[in-house]
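Here's the structure we're looking at; comments come further down.
What you see below is based on every heavy atom in this structure, not just the backbone, and it leaves out hydrogens, waters and symmetry mates. Throughout, protein chains are lettered first and strands after them, A, B, ... in sequence-line order, and every chain is numbered starting at 1.
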Protein chains: 2
Amino acid sequence: MEGAREVTRAATIHAVAALAGVSPSTVSRALNSPGLVNAVTRQRVLESAEQLGYQPNRAARSLVLGRTSNLGLIVPDIANPFFTPFIKAVQAQVRQASYSLFLADTDEDVEVEVEAARAMAKQVDGMILCAPRMPGNRLRSIAVHTPVVIANRQSRTAPAVTMDIGPGVRQAVAHVHALGHRRCAFLSGPRGSWSNQQRLRFFTAACQAQGVELIVLGPFEPVFGGGYRGADEAVAAGVTAIFAYNDLVALGVMSRLNDRGIRVPGEMSVLGFDDIPMASMMNPPLTTVMMPITAVARASASMLLTLLGGNGPPRPAAQELAARLVIRSTTESAARPTGL
Amino acid sequence: MEGAREVTRAATIHAVAALAGVSPSTVSRALNSPGLVNAVTRQRVLESAEQLGYQPNRAARSLVLGRTSNLGLIVPDIANPFFTPFIKAVQAQVRQASYSLFLADTDEDVEVEVEAARAMAKQVDGMILCAPRMPGNRLRSIAVHTPVVIANRQSRTAPAVTMDIGPGVRQAVAHVHALGHRRCAFLSGPRGSWSNQQRLRFFTAACQAQGVELIVLGPFEPVFGGGYRGADEAVAAGVTAIFAYNDLVALGVMSRLNDRGIRVPGEMSVLGFDDIPMASMMNPPLTTVMMPITAVARASASMLLTLLGGNGPPRPAAQELAARLVIRSTTESAARPTGL
DNA sequence: CTGAAAGCGCTAACAG
DNA sequence: CTGTTAGCGCTTTCAG
């Protein structure tokens with residue numbers, strides 16, 4: 001009979017101690033504070049441990065130490081390409097600090113998010129909540145018990161790392177203005193979304209300040225298909241440049257424009273938002289507002305690590321990183337308005 | 001002073017016991033085996049627990065129970081859209097069985113993978129290795145200590161869930177043959193890759209069996225850019241249909257074809273492989289061989305759960321799921337060869 | 001039905 | 001430098 005349970009019961013510290021002819025505490029010390037034990041003894045212990053394939057039991061360790069050496073990360077959607085660089089960066093940094101990472105995805109659902117955060121809180125030393133959708137009080141109820149860093153969302157409850165889209169938006173508007181565009185469309189995203197409101201607000205302000213007429217269209221779903229529809233409306237509105245809510249939408253726009261035989265950037269300039277990995281790979285490469293998501297990830301991770309380290313500033317200050325325009329090949333001098 | 005450490009020390013089972021006026025063991029029973037305790041006592045305990053916001057310490061629980069209630073999942077690359085449905089499905093199933101899930105990504109690096117698996121093994125009750133790259137002996141050394149299920153790869157070491165691409169490939173070839181195509185290109189992927197070899201082998205066999213001439217091109221990188229280059233070679237080869245190594249490559253092909261003014265599917269038919277979420281969203285929607293990745297995920301998860309359950313068959317058998325063709329809009333009757 | 005006692009595997013004083 | 005002792009918080013016999 002074979003089956004589910006392990007063949008060999010894992011070796012305990014006692015077994016190692018016995019084999020090395022020392023006490024368990026010496027084994028513990030040899031492994032955790034090599035300096036405190038005689039070199040030759042330590043060598044013997046190490047060999048015994050090696051021979052038995054000894055792996056400290058994490059539960060026992062956590063229990064006595066009061067820490068798990070695990071960190072958690074919760075993101076709205078793993079499938080969203082906007083978050084993947086974030087996940088990767090956090091993962092790398094966390095691993096480097098020799099923590100393990102619990103990663104959960106909430107499918108953009110608040111209930112799932114709250115539940116995931118609660119469940120996770122019990123088994124990590126701290127966690128990063130990326131763009132959490134839950135209300136402030138729920139956030140607080142979690143942050144009270146567990147060190148938390150919030151990314152992509154303002155908070156008074158916990159230290160937060162956010163992005164300032166202002167510079168990027170202003171650069172984008174200045175860029176199209178410089179190319180001679182005077183009438184542009186903004187393809188808006190989900191009405192309820194905070195980032196849509198923010199993007200809309202900044203674009204409106206920047207266009208007004210720089211003398212560009214802004215036609216707000218939408219809302220459109222923040223995916224490929226949304227841009228597909230949006231493209232037609234923008235063309236009908238007689239604009240010469242399109243600010244898409246995000247890169248996915250921009251992708252849809254370009255696809256649709258292409259179907260209709262409208263050249264990008266020849267007849268229509270298109271700008272995205274986010275700078276997802278695909279943006280630079282598409283054809284032509286997309287001019288877009290780069291959100292410094294990787295930098296945010298790194299900052300969040302360091303912040304959490306600092307928070308846990310106990311050293312450093314007692315409570316890391318909030319931090320804000322600036323978005324900026326990345327000019328690639330979908331923007332060009334304004335031509336005569338298309339459509340009609 | 002405030003700072004990193006928790007404000008309130010988490011309530012222990014003792015505190016709850018004291019408040020309810022019972023012993024810790026009664027609290028434990030009230031929570032875990034409600035049947036064994038007097039209804040009114042239980043009620044009192046539950047209220048005390050609620051009042052104190054009592055959350056059992058997982059480390060202590062794991063220590064005595066010998067199980068963590070955590071499961072692990074390791075995938076080659078979180079950013080690869082092929083794996084996202086897999087991750088989501090596993091996550092859902094695991095959560096439903098009230099386990100938490102550790103998710104790790106190896107960036108396709110064998111060393112990272114081995115390391116991640118080792119680290120994870122110590123703190124989960126079992127894990128799913130998705131398309132592991134590590135050699136069989138490393139795999140074995142892990143599977144010996146931890147219940148493991150392998151997805152997307154054959155194995156004699158552990159129960160595995162794999163996909164049979166045969167039916168899908170044969171359907172694809174039959175499909176283009178029925179449309180009158182007699183000369184097709186296969187844009188191959190990474191030379192070393194097992195799935196590339198497999199796909200190539202099956203396409204070669206199916207084409208030969210069905211009387212379709214197959215021009216093998218490449219290798220190309222398995223991403224958008226690869227297809228971009230591949231498209232030109234395929235056109236130069238004078239084929240009327242292109243089998244792309246995967247959907248990303250197909251995407252690149254279509255983009256390039258479009259740039260060159262070659263209509264899909266009018267002048268060239270294009271077929272993908274995998275059926276990533278984007279395949280149905282692109283324009284026109286891609287005809288592709290659907291890999292039943294979600295089904296594999298579900299099967300893997302159930303398998304692992306069974307393995308851990310101790311009940312059911314002592315060792316779940318390996319399982320193989322069939323791929324099949326999904327016909328969308330990038331395939332049409334053969335026209336005259338393009339190019340030259 | 002409930003309490004007392006023992007112990008999961010490990011670390012951290014505290015003596016030697 | 002090393003062994004002994006005492007728990008970390010929880011579950012589970014074993015008595016009552």
Side-chain angles (χ1 to χ4, degrees), chain A residues 5-6 8-49 52-70 121-125 145-146, chain B residues 5-6 8-49 52-70 121-125 145-146:
Chain A
R5 53 191 160 310
E6 289 112 81
T8 347
R9 239 183 140 40
T12 75
I13 200 171
H14 274 91
V16 177
L19 183 62
V22 297
S23 77
S25 19
T26 299
V27 175
S28 175
R29 277 187 290 251
L31 263 26
N32 303 314
S33 331
L36 299 182
V37 54
N38 180 294
V40 37
T41 314
R42 168 157 36 97
Q43 189 52 35
R44 197 147 30 93
V45 170
L46 261 29
E47 280 164 12
S48 310
L52 266 40
Y54 171 69
Q55 298 282 87
N57 177 315
R58 284 186 72 109
R61 207 148 198 281
S62 298
L63 183 55
V64 59
L65 255 24
R67 37 170 273 145
T68 63
S69 292
N70 290 151
K122 298 192 299 195
Q123 45 197 325
V124 298
D125 297 335
H145 301 113
T146 312
Chain B
R5 57 189 155 314
E6 288 115 81
T8 347
R9 233 179 148 42
T12 74
I13 201 171
H14 274 92
V16 177
L19 182 62
V22 296
S23 77
S25 15
T26 299
V27 175
S28 174
R29 277 188 289 251
L31 265 25
N32 303 314
S33 332
L36 299 181
V37 55
N38 181 294
V40 36
T41 313
R42 168 159 34 100
Q43 190 51 36
R44 196 147 32 91
V45 170
L46 260 30
E47 280 163 11
S48 310
L52 265 41
Y54 171 68
Q55 299 282 85
N57 178 313
R58 283 184 71 110
R61 206 147 198 283
S62 298
L63 183 54
V64 58
L65 256 24
R67 34 171 275 146
T68 61
S69 292
N70 290 151
K122 297 192 298 199
Q123 46 195 325
V124 297
D125 297 335
H145 300 113
T146 312

Q) In degrees, rounded to 10°, what is the bend between the two ends of the helix from C:dC1-D:dG16 to C:dG16-D:dC1, using five pairs at each? A) 40°

(Q) Under a plain distance cut-off of 3.5 Å, with no hydrogens placed, do B:Asn32 and B:Arg61 share a side-chain donor-acceptor pair? (A) yes

Can you name the residues that form a side-chain contact (heavy atoms from CB on, under 4.5 Å) with [X], not counting sequence neighbours?
X: B:Leu19; answer: B:Ser48, B:Gln51, B:Leu52
X: B:Arg42; answer: B:Ala30, B:Pro34, B:Val37, B:Ala39, B:Leu46
X: A:Asn70; answer: A:Arg58, A:Thr68, A:Ser100, A:Phe102, A:Val124, B:Phe102, B:Gln123

Distance (rounded to the nearest 0.5 Å) between [X] [atom1] and [Y] [atom2]:
X: B:Thr41; Y: B:Arg29; atom1: OG1; atom2: CZ; value: 10.5 Å
X: A:Lys122; Y: A:His145; atom1: NZ; atom2: NE2; value: 12.5 Å
X: A:Ser62; Y: A:Asp125; atom1: OG; atom2: CG; value: 7.5 Å
X: A:Ile13; Y: A:Thr26; atom1: CD1; atom2: OG1; value: 9.0 Å
X: A:Asn57; Y: B:Leu63; atom1: CG; atom2: CG; value: 6.0 Å

Q. Nearest heavy-atom pair of A:Val45 and A:Ala20: which atoms, and what distance?
A. CA-CB, 4.1 Å

Q | Start and end of the DNA chain C segment that chain B contacts, any atom under 4.0 Å from a heavy atom | A | C:dC1 to C:dG9

Q) Once each nucleotide of nucleotides 8-16 of chain D is scored for protein heavy atoms under 4.0 Å, what B/S/- sequence comes out, 5' to 3'? A) BBSSBB---

Q: Quick one: label A:Thr41 by what it contacts on the DNA or RNA (base, sugar-phosphate, nothing), any heavy atom closer than 4.0 Å.
A: sugar-phosphate

